[in-house]
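Below, read A as the first sequence line, B as the second, and so on, with proteins coming before strands; counting in each chain starts at 1.
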There are 2 protein chains.
Amino acid sequence: MINLNIYTKKLRESGLRPTRQRLKICEVLFSPEKTFHFTVNDLKKIIEEKLSEKISLATVYNTIHAFKKKGYLKEISINSDKSYFDTNTTDHQHFFDEDKSELIDCGDDEIDSINIKRNITGKKIKSIEVLIRVASDNQNQN
Amino acid sequence: MINLNIYTKKLRESGLRPTRQRLKICEVLFSPEKTFHFTVNDLKKIIEEKLSEKISLATVYNTIHAFKKKGYLKEISINSDKSYFDTNTTDHQHFFDEDKSELIDCGDDEIDSINIKRNITGKKIKSIEVLIRVASDNQNQN
DNA sequence: AATTAGATTAAAACAATTCTAAACTGTTGA
DNA sequence: TCAACAGTTTAGAATTGTTTTAATCTAATT
């Protein structure tokens, strides 16, 4: 399998050994042509149901965290009980569909670049995150 | 006390009866000249320590939620274990100081207005939230 | 004052995440 | 190749923020 080396490399670069479970995580995260958004539970389910590999939550969490730290994954800020991750690590923003609790990418060409005219003394900007909340027109918006 | 009527009004408009505990919450939230950011625990502590009023978490939560629903408070999206609220309900954005886990207001004049060039079919934009993460220059940024 | 609808509370329940400790496995070096 | 070690997996326990519950209390209404 051609991808195995790529996965192994990503794992090693993240400070992790390539184990059976972790390679399955890589398969899910890094083989699709398209990037996607997921929660930890989504990922666990995919691995157990589609790839028939038993995996514990702890393993999913520690691998995800290492990838995030290394920059192979991004975490998206939403007020939600769960954490959402994105396999697209390039600079881009998101819509959040409140009806479906689902993230939608917002291309750089779909939003004007953001210009911040202020500095916090002694601090450096680490990231600029934009979240555009959307919901169906006719919805109760409590 | 002049403010009592204002507090009572806000509570009633939020569908709540003005009780001793809730009036204390109002005192904390709505009497300061300046708006501020807080977590539920911050609020509980202030009420118990500064105003010497015993209050249960459940009461804090239900009151905060009613105020949020009514629009008297805003919740800020941060990836954090806790929820952050803002007594400033006008349209504005935030810096998040990762060193101190602290929100800082970003005035409308400090950021260019955001222009989204895309519509999600059948959906309406509910809000546009910008979070600018900052941290001290020399910090390990794991 | 009595009634009632809503509020308060401590404690239990809950859900996401983190931690733990024991069993297991990849890696290294003899 | 194999022993030994360091890192990994796992189930389950612990933790944390938040929500729910059910009993008691209180504000509003009569």
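Atom CD1 of B:Ile47 is separated from atom C1' of C:dT8 by 13 Å (rounded to the nearest Å). Note: CD1 (B:Ile78) to P (D:dG17) measures 14 Å, nearest angstrom. In this structure, A:Leu23 places its CG atom 13 Å from C1' of C:dT25, rounding to the nearest Å. In this structure, B:Asp81 atom CG and C:dT18 atom P are separated by 9 Å, rounded to whole Å. Following rounding to the nearest Å, A:Leu16 (CG) and D:dT8 (C1') show an atom-to-atom distance of 10 Å. Computed from coordinates, the A:Asn79 CG to D:dG17 P distance equals 15 Å when rounded to whole Å. Rounded to a whole Å, the NZ atom of A:Lys44 is 10 Å from the C1' atom of D:dT10. Whole-Å rounding puts the A:Ile55 CD1 to C:dC24 P distance at 18 Å.
With a 6.0 Å cutoff to the six-membered ring centre and a 45° limit on the axis angle, A:Lys123 does not count as a cation-pi contact of B:Phe95.
OP1 or OP2 of C:dA7 lies within a sub-4.0 Å distance of a side-chain N or O belonging to B:Arg22. An OP1 or OP2 oxygen of D:dT18 is reached within less than 4.0 angstrom by a side-chain nitrogen or oxygen of B:Ser83. Listed pair B:Thr59 / C:dT9 meets the phosphate criterion, a side-chain N or O lying under 4.0 Å from OP1 or OP2. Applying the 4.0 Å criterion to OP1 and OP2 of C:dT8, one finds that B:Thr19 has a side-chain N or O inside that range. Regarding contacts with the backbone of D:dT18, a side-chain N or O of B:Tyr61 is found under 4.0 angstrom from either OP1 or OP2. Checking the phosphate oxygens (OP1, OP2) of C:dA10, a side-chain nitrogen or oxygen of B:Lys54 falls inside 4.0 Å. OP1 or OP2 of C:dT27 sits under 4.0 Å from a side-chain N or O of A:Arg12. Between A:Gln21 and D:dT10 there is a side-chain N or O to OP1 or OP2 distance below 4.0 Å.
Remark: B:Asp109 does not engage A:Arg118 in a salt bridge, criterion side-chain N to carboxylate O under 4.0 Å.
Considering only side-chain atoms of A:Ala58, the nucleotide from C:dC19, C:dT9, D:dA27 that sits closest is C:dC19. Distance from the side chain of B:Arg17 is smallest to D:dA28 among D:dA28, D:dA6, C:dT9. Of the candidate nucleotides C:dT8, D:dT9, C:dA16, C:dA16 has the atom lying nearest to any side-chain atom of A:Lys82.
Paired with B:Leu43 under the rule side chain to side chain contact (heavy atoms under 4.5 Å, CB included), one option of B:Ile47, B:Thr39, B:Val40 passes, and it is B:Ile47.
Side chains of A:Leu29 and A:Phe36 form a contact here, defined as non-hydrogen atoms less than 4.5 Å apart. Contact check for B:Arg12 versus B:Pro18: side-chain heavy atoms found under the 4.5 Å cut-off.
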- request: Check step by step if side chain to side chain donor-acceptor pair (under 3.5 Å) holds for A:His37 and A:Asp86.
  value: CA-CA 4 Å; A:His37 308 105; A:Asp86 195 342; 3.2 Å; yes
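Residue-to-nucleotide proximity on DNA chain C shows that, of B:Leu57 and B:Gly15, the 5′-proximal contact is made by B:Gly15. Between B:His65 and B:Arg20, the residue anchored nearer the 5' end of DNA chain D, judged by the nucleotide with its closest heavy atom, is B:His65.
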